Amino acid sequence: MFTNLKKADSEIYQAIQNEISRQNDTLEMIASENFVSLAVLEAMGQVMTNKYAEGYPGKRYYGGCAQVDVAEDLARERAKQLFQADHANVQPHSGSQANIAAYFSYANAGDTVMGMNLDHGGHLTHGSPVNFSGRLFRIVSYGVDEKTGYIDMNQVAEIAKKEKPRLIITGASAYPREIDYQAFREIADQVGAKLIADIAHPAGLIAAGLLKSPIPHCHLVTTTTHKTLRGPRGGMILVGKDEENDMGMTTPKGKLKTISQIVDSNIFPGFQGGPLIHVIAAKAVAFKEALSDDFKQYSAQVIKNAKALAEKLVSMDYKLISNGTDTHLMLVDLRNKRLTGKKAEEALEQAGITVNKNMVPYDDQSPFITSGIRIGTPALTTRGMQEEQMREIGGLIDNVLTNIGNESIVTQVRSRVFDICQQFPLYQLE
Ligand SMILES: Cc1ncc(COP(=O)(O)O)c(C=O)c1O
């Protein structure tokens, strides 16, 4: 696959080879990562990367767009089918780009936006002061109940009534439970706010019909395409029901009639230039895969695996936020084990198990240290692993975390991790 690259740039070739080995030979348990199919990889590494295609299919600012129009049209149609949406914009380069364009479809700089507290599982783009969201909008945050670990819907309602946000964004990066989009919509309606769901994490599980869809309840839905949805790195915006533009938004060409037109205009020319058409082609391929029965079975296994791992960890006295999971991820509070997230992440990495340190709700450590780790099952499930492997891996995690600094345990676990990886081969690429 890489014969030309090997000759042209041996250093990058070598880094890629090393990364292939790392992905093949370690247990990838970062909840936001997955392994794309070879078909998706091929669609991404091809000549459409050469093409400028500012605009949208049929209405481009460049000639020669017939074939890239085919790719983008297929991606849009498949996305609409997958999520039962009226409109899909598949051009966002990332989840963050999707979010900024979605915000500006209903709000202007200085407006009040309500999102989930980053320390409780929210994402940077939901109002962190170091992100565009926190810098451009007046942010009010909601969080989870300290005792239950579930989103406190009473608190959401109270804050919304008091602060009267223009926009509420629901969705998270480290929340293990299903979100009640209908309840969020009722609150949004009571205070005259618009509702956006950011389903970057559970998108694949929603597409597979395993978690409830936000589409009927939200004004807009944003997502990444590379997590549970198992596509290339990128973003997308979905409009469930296209409606008249009640924002009164105009461009130099006149008033935009519908919310879909506003969304499209906010992505291009609003926040982006030319789309990454090779990535859009790969999104189309991934969406076709996600429409298959195999993907439904895969997604069901992702959840079964997460539940099996969560139960195993709880049985060894690990404290899980909300005591478990409905999704592909769990958040482990390590304070009773007298460990920080940073220490745990480092020790597990040495043993070939990749997770990320993560703040837990009401954490007393800084974001660089943290009291928790976030663990997910999408990538290992793609390799074909099931509940039996999850239970064994739970034991390996415990073995590492209860023997920090013990080199011989690390070596033993690393060797078992390698064996498990060989049993579930991933990429044969050279
Ligand atoms: C909930 C949520 N929204 C948005 C994003 C941003 O996606 P990206 O990293 O593609 O900008 C993430 C990424 O982790 C996320 O978890």
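What you see is a predicted model, and the numbers here were worked out from it, not measured in a lab. Both ligands and their constituent atoms are indexed starting at 1 by order of listing.
Remark: ligand 1 and Thr224 share no N or O pair separated by less than 3.5 Å (distance only, no angle test). For Thr125, no nitrogen or oxygen atom sits less than 3.5 Å from a nitrogen or oxygen atom of ligand 1, counting backbone and side chain alike.
Checked options Lys283, Arg60, Arg78; the residue passing with Glu72 is Arg60 (criterion: salt bridge (Lys or Arg N to Asp or Glu O under 4.0 Å)).
With contacts defined as side-chain heavy-atom distances shorter than 4.5 Å, the pair Val332/Val355 does not qualify.
Residues Phe184 and His217 keep their aromatic ring centres 6.0 Å or farther apart.
Panel note: side chain Glu346, backbone Leu348; no donor-acceptor pair is recorded below 3.5 Å. The backbone N or O of Thr125 sits less than 3.5 Å from a side-chain atom of Tyr103, completing a donor-acceptor pair.
Closest to atom 16 (O) of ligand 1 among all protein heavy atoms lies Ser173 OG, 2.7 Å. For atom 8 (P) of ligand 1, the nearest non-hydrogen atom of the protein is Gly95 N, 3.5 Å. Of the protein's heavy atoms, Lys227 NZ, 2.9 Å lies nearest to atom 13 (C) of ligand 1.
Atom 5 (C) of ligand 1 has its nearest heavy-atom neighbour, among His123, His126, His226, Arg233, in His123. Checking Asn131, Asp198, Ile199 against atom 2 (C) of ligand 1, the nearest heavy atom belongs to Asp198. For the residues Gly171, Ser96, Ala172, Ala98, the heavy atom positioned nearest atom 1 (C) of ligand 1 is part of Ala172.
For His93, the closest heavy-atom approach to ligand 1 does not fall below 4.0 Å. Taking a 4.0 Å cut-off on heavy atoms, Gln97 fails to register as neighbouring ligand 1.
Here Ala200 has side-chain heavy atoms under 4.0 Å from ligand 1, and that is the only part of it that gets that close.
Relative ring orientation between Phe104 and Phe271 is described as tilted, the plane-to-plane angle lying within the 30° to 60° band.
Side-chain atoms of Thr327 and Thr325 include a donor-acceptor pair closer than 3.5 Å.
Under a cutoff of 6.0 Å and an axis angle of 45°, Arg230 and Tyr298 form a cation-pi pair.
Close contacts of ligand 1 with His201, meaning ligand atoms under 4.0 Å from a residue heavy atom, involve 16 (O).
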